[in-house]
Amino acid sequence: MSDLEVLILKLEPGPKNGERVHHNPHKTNNRMRRTEEGISNEISQLESDDFVICQKPLELLGEKSEQSGLSVTLESTGLADEKRKYSHFQHLLYRRFAPDISSYVLSDDIKLHSLQLLPIYQTGSLTSDGKNLSQEKELLSLFCFFSLPHVGYLYMVVKSVELMSVYQYPEKSQQAVLTPQFLHVITSNNLQCFTVRCSAAAAREEDPYMDTTLKACPPVSMDVCALRIQLFIGLKAICHFKNHIILLTKADPEAIPERRQSPKRLLSRKDTSVKIKIPPVAEAGWNLYIVNTISPVQLYKEMIDYSNTYKTVKTQSCIHLLSEAHLLVRAALMDASQLEPGEKAELLEAFKESCGHLGDCYSRLDSQHSHLTLPYYKMSGLSMAEVLARMDWTVEDGLQKYERGLIFYINHSLYENLDEELSEELAAKVVQMFYVAEPKQVPHILCSPSMKNINPLTAMSYLRKLDTSGFSSILVTLTKAAVALKMGDLDMHRNEMKSHSEMKLVCGFILEPRLLIQQRKGQIVPTELALHLKETQPGLLVASVLGLQKNNKIGIEEADSFFKVLCAKDEDTTPQLLVDFWEAQLVACLPDVVLQELFFKLTSQYIWRLSKRQPPDTTPLRTSEDLINACSHYGLIYPWVHILISSDSLADKNYTEDLSKLQSLICGPSFDIASIIPFLEPLSEDTIAGLSVHVLCRTRLKEYEQCIDILLERCPEAVIPYANHELKEENRVFRRWKCQVSDCFALLAYPLHNLSLTVCVGGALSSTDIPHLYISASSSS
């Protein structure tokens, strides 16, 4: 620091690989010499008694500050050689000020003073109880302050160099000291106190959720405020220690004139001159003061009391003052090591209270910052009912007006599926509020779980007002249908549901998923409308949930849980409605669905039902034929499979449908056969259904010889259709099929098509041995 220049450098340890760091000091010196030479040449040409040469003000940030022309050379004293050669520096800031020559008089005391670096360390969450705070300090933010006699500058210099605040002093300053909470400045006779923005900047560095819908903090760009001015005579120096300000003063006594008279014989002009004498008791006195800074809580309360002056005025003055109080408490909490447990609890309470006051302010404003109502109310810990109780519901000019900040807060709170349920009176007030401010949001508001206690007649009256006011929509229709169910008016419900097509109804549910699905205390809860649709229109319900998933309104696991809760099934039981939903997912080919996982769900359910002979609890929405025609993942069942299962006359319809769907999936092009083999064990090959599934899987794995042997033994009439379908020209094989003599003639009765058979009889034909017929077959063109 020189009289009017300041340079900020960051000294860093160098690399540890033993390589020496070069800082190009010669280039800097050359640049400086060139700059000095140019300036000296200009000055030599212009220098005279008539001119004063002043350089322009200049600010250089980051790497640009290397262009200042100042030469910086590191000199290590008392360091070992191995440490000395690894250190280097980084330029952060250079600033040059120009003296004020407006009065054509250069003042010699226009100089920089009070250069100071202020670190703020990581302290943890503001809501911490202080028991788990880390003992190791981690630098969060670093601030640099320096001052001229009439103005001070505060920079943030950690990740980037940024000018945060400029302080204008009402009087000429002598010295200043910066703390995390205040800036203290002394003049000749006054101690002045200003607010600082360090805590706001550090809060944003510490908390990634700052400036979101969860948390907020007043901006660092606010104008600074003068808090207090205290009178002290002869202030000379100031320093800060914890919660104390230490002042040094010097009281200069007034000079006392005294005339000393000499004897007459020595009378002369010189002897009769007036001389100034300072009595010994009146010599200059030095005083040391220790001033305890006011506690943050007390100052906070004073600022809150003063803000009540602006409580009924919708101006930025109230917000500014409350923001100062909030930052005061926040700064005190960030330095938790200086706090007693009781003091910290008091500060935490003040912090929440300040957030509530700021929420009240922003809720009364209709400005671009009104959205801050939401994070401040969240940080205050107030419930929605408590926030509504703080509102002033007075009517102005016969009209009730609700500002955007309050509407924004309530709207978001109701959308977040809070567990809080408003009373009937408050719920009615909220609906009335939105009907006045944002009529289109009324159906959405009525679908919130927090509005559960609203009177259905009140809700229906506002919905009918929307119809007559020109706000009728599919969403209004569905909401009226849901309210009609609560009223027990089934005729009204049916009329509303019939007024639109099923596709439009699905679109309405996509616009407002809470008509079907709500969350309470972290659990998925089907609505009364969803329960009614399960019994009356299950297809519409499945299509609607599928539309929600397709539009990312509900996740895969959430949808599965919804159908299980809806059908009152435990985790180990799969209702048919959920199987219908899985099948609909395959038909819709949703991009976010993992096909193999969905295949596994369906095949597991089909196999379990077939093995247990368990029929579905409700009638399936789609048959196997519907799925084959609508979905490419369900393939056409091979012809020989129909011949194989035709002998099973005992199977009921539901059993046959599950079997056909499973066979169709296995015949499809997308199914991974190897993944299902371990799960086929419950499905026994002793039954025709189990046999068909096992043979299908082995066929897809190209185990043709085993399949033919099994068919010859269990269903020889299916061998020829199997061979025609599977043993095509591109799969030429030669196999030895073994069968009983009685089956040979049955085989010969079938058309051979492109299959040539050579029949050989072998083996001993005795009464005890069963003769066998060996048939050698090969595919032929």
Side-chain angles (χ1 to χ4, degrees), residues 1-6 57 95-118 143-155 163-198 222-255 282-296 298-299 302-303 306 320-321 324 327-328 331:
M1 182 175 65
S2 67
D3 285 352
L4 291 172
E5 290 177 294
V6 60
R95 183 155 184 172
R96 180 175 65 218
F97 299 91
D100 184 9
I101 58 174
S102 59
S103 60
Y104 304 102
V105 177
L106 289 179
S107 178
D108 294 335
D109 56 358
I110 304 288
K111 298 179 182 179
L112 283 166
H113 64 75
S114 305
L115 178 68
Q116 182 179 350
L117 292 176
L118 176 69
F143 304 91
C144 178
F145 173 81
F146 50 87
S147 179
L148 289 166
H150 291 284
V151 61
Y153 299 89
L154 179 61
Y155 281 86
L163 177 63
M164 287 179 51
S165 302
V166 177
Y167 295 88
Q168 300 286 345
Y169 312 135
E171 299 180 44
K172 179 182 175 181
S173 66
Q174 298 180 175
Q175 192 179 351
V177 60
L178 181 71
T179 72
Q181 299 181 36
F182 307 107
L183 173 67
H184 300 279
V185 180
I186 59 171
T187 64
S188 59
N189 293 313
N190 287 322
L191 169 63
Q192 301 175 0
C193 180
F194 297 87
T195 58
V196 297
R197 302 283 176 264
C198 298
M222 284 194 309
D223 293 334
V224 295
C225 294
L227 295 178
R228 290 179 184 271
I229 297 179
Q230 294 173 274
L231 179 64
F232 285 89
I233 298 176
L235 284 168
K236 297 298 181 182
I238 181 174
C239 67
H240 172 262
F241 177 74
K242 294 186 176 179
N243 295 326
H244 309 290
I245 298 297
I246 304 173
L247 301 173
L248 184 63
T249 68
K250 179 182 180 182
D252 293 327
E254 295 181 359
E283 289 183 354
W286 291 88
N287 296 304
L288 188 67
Y289 294 91
I290 298 180
V291 182
N292 293 334
T293 56
I294 187 171
S295 69
Q298 181 180 345
L299 183 56
E302 291 181 11
M303 299 173 75
Y306 186 63
H320 194 167
L321 189 56
E324 294 289 359
L327 285 179
L328 177 69

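Taking the ring-ring contact (aromatic ring centres under 6.0 Å, His included) definition, one finds that F182 meets it with H184, sequence neighbours left out. Legend: residues meeting side-chain hydrogen bond (donor to acceptor under 3.5 Å, both in side chains) with T187, ordered by chain and number and at least two apart, are absent. For the side-chain hydrogen bond (donor to acceptor under 3.5 Å, both in side chains) test, no residue two or more places apart in sequence or in another chain qualifies with D223. Under the rule for a side-chain hydrogen bond (donor to acceptor under 3.5 Å, both in side chains), the partners of E171 that lie at least two apart in sequence or sit in another chain are N190. Qualifying ring-ring contact (aromatic ring centres under 6.0 Å, His included) partners for F145, counting only residues two or more places apart in sequence or in other chains: none.
Applying the salt bridge (Lys or Arg N to Asp or Glu O under 4.0 Å) rule to pairs touching residues 179-198 yields R197-E324, sequence neighbours excluded. Residue pairs that meet the side chain to side chain donor-acceptor pair (under 3.5 Å) test with at least one member in residues 143-155, sequence neighbours left out, are E59-Y155, R95-Y155, S147-Y169.
For the atom pair CZ of F194 and CG of L183, the computed distance is 6.5 Å after rounding to the nearest 0.5 Å. One distance of note links CG of L299 with SG of C193; it measures 7.5 Å at 0.5 Å rounding. Note: T179 OG1 to L118 CG = 7.5 Å, rounded to the nearest 0.5 Å. In this structure, F97 CZ and E5 CD are separated by 10.0 Å, a value rounded to the nearest 0.5 Å. Summarising the geometry, atom CD1 belonging to I245 is positioned 6.5 Å from atom OG1 belonging to T293; distances are rounded to the nearest 0.5 Å.
Taking 4.5 Å as the limit, some side-chain heavy atom of C198 sits within range of a side-chain heavy atom of L154. When side chains are defined from C-beta on, L327 does not count as touching T195, because their heavy atoms never get closer than 4.5 Å. Residues L288 and I246 meet the side-chain proximity criterion, which asks for heavy atoms closer than 4.5 Å. Between S173 and H113 there is a side-chain heavy-atom pair separated by less than 4.5 Å.
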- [ ] Starting from the C-alpha separation in whole Å, work towards a yes-or-no answer on side-chain contact (heavy atoms from CB on, under 4.5 Å) for R96 and L4.
- [x] CA-CA 6 Å; R96 180 175 65 218; L4 291 172; 5.5 Å; no

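Nearest heavy-atom pair across A176 and V185 is CB-CG2, 3.9 Å. Pairing each heavy atom of P296 with each of Q181, the nearest pair is CG-OE1, 3.6 Å.
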Review item, side-chain donor-acceptor pairs of residues 224-241, under 3.5 Å, at least two apart:
{"residue": "R228", "atom": "NH2", "partner": "E302", "partner atom": "OE1", "Å": "2.9"}
{"residue": "H240", "atom": "NE2", "partner": "K242", "partner atom": "O", "Å": "2.5"}

